[in-house]
There are 2 protein chains.
Amino acid sequence: MSQRHITAAPKKTLARASAAGHGRLPAALGNTSVTTHENVYRGLRDRILFGGFLPGSAVTLRGLAEDMGVSPMPIREAVRRLIAERALKMQDNRRVLVPPMTTETFEQIVFSRKTLEPELAARAMDRIGRAEIRQITTLDQAVDRAMAVGDVDGYMQSNYRFHFAIYERACADTLMALVESIWLQFGPFMRMAYGCIGTSTLEDHHQAAIAALERRDRKGLKAAIAADISQGMNFIGEAVLKRST
Amino acid sequence: MSQRHITAAPKKTLARASAAGHGRLPAALGNTSVTTHENVYRGLRDRILFGGFLPGSAVTLRGLAEDMGVSPMPIREAVRRLIAERALKMQDNRRVLVPPMTTETFEQIVFSRKTLEPELAARAMDRIGRAEIRQITTLDQAVDRAMAVGDVDGYMQSNYRFHFAIYERACADTLMALVESIWLQFGPFMRMAYGCIGTSTLEDHHQAAIAALERRDRKGLKAAIAADISQGMNFIGEAVLKRST
DNA sequence: ACCGCTCTATTGTGATCACAATAATCGCGC
DNA sequence: GCGCGATTATTGTGATCACAATAGAGCGGT
């Protein structure tokens, strides 16, 4: 369902006419002057984070190349990178898929999140002033709005942006890389879970986090983030625990 | 110093004769039937983990291809993967280097290690029996031997194997991936530090960890691992704090 | 001597092709 | 009809080439 099989088109040796000269890009991706594989990476990354892929769905190099209107080459590099970040998984077949969630992986993700993300928030606090709090509040409102309407994709996206608007102020890129890899690993599963359960019954601890930021309460902030993670992950964790192994 | 510049040789169109048909390998790498880029990855990974590269040294695709006797193609994939794992870094130049250590990165690495590795050890404990303890003890002896002789490379390698012989029993591949990425990031720096300071004045907490494993003392095990990390990282941390920013 | 420019060499990137391995499909015999 | 074997299609991998961007060497002017 997610990939297409085409035999005829790319057989024409001169098919490069559409994808133009080497440096140029097919304009399908809003880009600056970064490399094609970087743009492909960002596109795939967003699709993974915000629910463009279902857990367990297969991806192919040529299929993605077709979808994104680029040659297989930059796809290879982007996919290789995403595999290294555990957003994708290469099976023994050497075929690539977005990995299904397991209870073991899920538990480790929860542990990692509860260990690393409150720490990131705590480190960020001193660099979060009035302006940043206002911005973060706006993002939280977007989360609430998406939740109310049942806009799952919108929720995924604004929830991500809420959390990372805080975390990025920590200026801790090594810790950040760990957390980003973790988010990539549960993105598709979370999206699927919300798609099943819906977002209406969900409530987060974002307000508590913002309140803690306002009174510069580091302990309270860590607690709020931890509670948000516990609550949200428990919520979607049921989905995998109930339905099978 | 680490790369070579060759202009003439690969210009011959038929140079593939040496690196033979597609699936075959140049026999320079002891391999099974895995892909070439996988073998290249393992080789580079070991060199990074055990001190084959200095922090800040530049690597080039064609240079590595020359060194390892393969075509640039599998090098690209291995390097892309290592960049994603933060073992290598691509600058804005798009040139690749093994990243120099900074105090900020170092601090984050220490935090991550002290957070994740004791947890891994604790999770592994129940799966570590008599046989495994014996094996781990043997590895610790290799560490001591290398330390006594001043064999820095040997120390790097057996210390890695000691730690990961414990961690891998946790069967927690998601956590493991985080820790492996962390080790790749401080490998070159640790190697350099030991190369300067020497290994003679170093002492670890491996014995305490083994003792804790024997009496199945989870708290004690976590404490021993944490102490080992603190002590070792403090030891080499001086090197970067003393000499500059 | 030192700074600036020019020209060359090197580097990562992307395209394209060929190949081997695996998956999918079809057809035949029962 | 239904499993089972042969054929076909698709997949990741590796090689090679061309290109644009950058770095570095060489050289001239002040």
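Chain naming here is simple, since letters A, B, ... match the order of the sequence lines and numbering starts at 1 in each.
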Let me know the distance between CG of L97(B) and P of dG12(C), rounded to the nearest Å.
11 Å
Between P on dG14(C) and CZ on R80(A), what's the gap in Å once rounded to a whole number?
16 Å
Rounding to a whole Å, what distance do you find between E77(A):CD and dG14(D):C1'?
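Rounded to the whole Å, the gap is 13 Å.
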I need the CD1-P distance between I83(B) and dT11(C), as an integer number of Å.
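One finds 15 Å between P of dT11(C) and CD1 of I83(B), rounded.
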Return the value, rounded to whole Å, for the distance between atom CD1 of I75(B) and atom C1' of dT11(C).
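Value for this atom pair: 14 Å.
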Over how many whole Å does the gap from M68(B) atom CE to dG14(D) atom P extend?
13 Å
Can you tell me how the ring of Y167(A) sits relative to the ring of F164(A), calling it parallel under 30°, perpendicular over 60° and tilted otherwise?
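It falls in the perpendicular class, over 60°.
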Using atom NE2 of H37(B) as one end and atom P of dG12(D) as the other, report the distance to the nearest whole Å.
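Whole-Å distance recorded here is 11 Å.
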Set of salt bridge (Lys or Arg N to Asp or Glu O under 4.0 Å) partners for D151(A), sequence neighbours left out:
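D151(A) satisfies salt bridge (Lys or Arg N to Asp or Glu O under 4.0 Å) with no other residue.
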Non-neighbouring partners of E85(B) that pass salt bridge (Lys or Arg N to Asp or Glu O under 4.0 Å), sequence neighbours left out:
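Expected list: R81(B).
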Taking the side chain of V96(A) as its heavy atoms from C-beta onward, which of dG14(D), dG12(D), dT11(C) lies nearest to it?
dG12(D)
Non-neighbouring partners of E107(B) that pass salt bridge (Lys or Arg N to Asp or Glu O under 4.0 Å), sequence neighbours left out
R123(A)
Do NZ/NE/NH1/NH2 and the carboxylate oxygens of R42(B) and E38(B) come within less than 4.0 Å?
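Answer for the salt bridge query: yes.
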With D126(B), which residues qualify under salt bridge (Lys or Arg N to Asp or Glu O under 4.0 Å), at least two apart?
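For D126(B) the salt bridge (Lys or Arg N to Asp or Glu O under 4.0 Å) partners, ignoring immediate neighbours, are R218(B).
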Hey, could you give me each pair passing salt bridge (Lys or Arg N to Asp or Glu O under 4.0 Å) that has a residue in residues 152-168 of chain B? Not counting sequence neighbours.
D153(B)-R191(B)
Please report the distance, rounded to the nearest Å, between CZ in R62(A) and P in dA23(C).
16 Å
So does R76(A) reach the base of dG14(C) with its side chain, donor to acceptor, closer than 3.5 Å?
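Absent.
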Residues in contact with DNA chain C, drawn from residues 86-95 of chain B - heavy-atom cutoff 4.0 Å:
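Heavy-atom cutoff 4.0 Å gives M90(B), R94(B), R95(B).
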Go through dT16(C), dT16(D), dT13(C) for me and flag the one nearest to the M73(B) side chain.
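So the side chain of M73(B) is nearest to dT16(D).
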